[in-house]
Amino acid sequence: MREVIRFAWGNSSLGEFMVATSDKGLVALELGSSRGSAEEALRIRFPDAQVVSGQLELVDILDKITRVIEEPRFVPELPLDMRGTAYEIEVWSMLRLLPIGETISYGTLAAKLGTRDARDVTKAIASNPLAVLVPCHRVIKKDGSISGYRWGVKRKRELLARERRAKPLPTSEGAG
DNA sequence: GAATTGTCACCAG
DNA sequence: CTGGTGACAATTC
């Protein structure tokens with residue numbers, strides 16, 4: 001019996017996104033890719049699985065994802081089926097501990113993980129299949145500038161901007 | 001901002 | 001082990 005991967009499309013202020021789930025939980029959340037290539041990516045990632053459209057079954061999930069994108073503080077209780085090397089999973093777990101509005105550099109994150117090379121973390125983060133749910137957008141370069149983002153630097157900036165607003169600030173940020 | 005160079009842990013074979 | 005690789009980091013103009 002082949003494993004079944006279901007995918008569906010949703011819409012948000014950041015554009016269209018695709019969600020894919022296995023029996024265990026979410027395996028992918030893609031932002032703004034074209035429908036064709038995103039679906040193909042799934043088949044490549046799960047060559048032995050049956051990739052089917054599950055638009056109806058995933059309505060609930062789509063709804064939650066949309067909300068996460070619009071409201072950074074909303075935490076969906078969605079099961080994540082993380083697939084990757086042990087190291088990648090470690091990095092992803094680490095990212096999810098980052099509070100809203102908080103950013104960290106690749107180098108610092110690497111240090112926390114016990115490795116010494118930021119590039120190492122970079123690779124793991126770049127392999128993150130779960131946009132937003134794993135807040136890889138909170139990882140930036142050491143000088144504070146935005147470096148790169150698998151789903152587009154603009155989305156990264158946008159997500160960070162939203163989180164800054166959502167973050168409870170003791171003082172107002174003043175004119176900006 | 002763009003280009004250049006140094007660096008090394010991780011992954012696949 | 002060997003080889004390839006990077007969403008880095010620090011420097012320079």
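In what follows, every chain begins at residue 1, and chains take the letters A, B, ... in the order their sequences are listed. The basis for the numbers below is simple: all heavy atoms, side chains too, and nothing from hydrogens, waters or symmetry mates.
- In this structure, Leu109(A) atom CG and dA7(C) atom C1' are separated by 12 Å, rounded to whole Å.
- Asp117(A) comes within 4.0 angstrom of a base, heavy atoms only.
- Residues Gln55(A) and Trp9(A) have side chains that never bring a donor and an acceptor to within less than 3.5 angstrom of each other.
- Nucleotide dT7(B) forms no Watson-Crick or G-U wobble pair with any nucleotide shown, as no partner meets the under 3.5 Å limit on both distances.
- When distances run from any side-chain atom of Tyr87(A) to the nucleotides dC10(B), dA7(C), dA9(C), the shortest one goes to dC10(B).
- Judged by atom type and distance alone, Tyr106(A) does not reach the base of dA9(C) through any side-chain donor-acceptor pair under 3.5 Å.
- With a cut-off of 3.5 Å on both Watson-Crick or G-U wobble distances, the partner of dA7(C) is given as none.
- Side-chain contact between Met18(A) and Leu42(A) is present, with at least one heavy-atom pair separated by less than 4.5 Å.
- If you take CZ of Arg119(A) and C1' of dC11(B), they are 15 Å apart, rounded to a whole angstrom.
- Under the 4.5 Å side-chain criterion, counting only non-hydrogen atoms from C-beta, Lys123(A) is not in contact with Val91(A).
- One interatomic measurement links the two molecules: CD of Glu88(A) to C1' of dC11(B), which rounds to 9 Å at whole-angstrom precision.
- Separating the CG atom of Leu113(A) from the P atom of dC8(C) is a distance of 16 Å, rounded to the nearest angstrom.
- Rounded to whole angstrom, the span from the CG atom of Leu130(A) across to the C1' atom of dA7(C) amounts to 17 Å.
- Defined by atom type and a distance below 3.5 Å, a donor-acceptor pair is missing between the side-chain atoms of Arg164(A) and Thr103(A).
- There is no side-chain donor-acceptor pair under 3.5 Å between Tyr106(A) and Asp120(A).
- Put simply, CG on Leu159(A) is 19 Å from P on dA7(C), counting in whole angstrom units.
- In this structure, the NZ atom of Lys141(A) is 10 Å from the P atom of dG1(B), given to the nearest Å.
- Each of Ile140(A) and Lys123(A) was matched to the nucleotide of DNA chain C holding its nearest heavy atom; the match closer to the 5' end belongs to Lys123(A).
- Neither OP1 nor OP2 of dG6(C) sits under 4.0 Å from any side-chain N or O of Thr122(A).
- As judged by a 4.0 angstrom heavy-atom cut-off over every strand, Lys142(A) is placed among residues touching the sugar-phosphate backbone only.
- Between Arg150(A) atom CZ and dG6(C) atom C1' the separation is 15 Å, expressed in whole Å.
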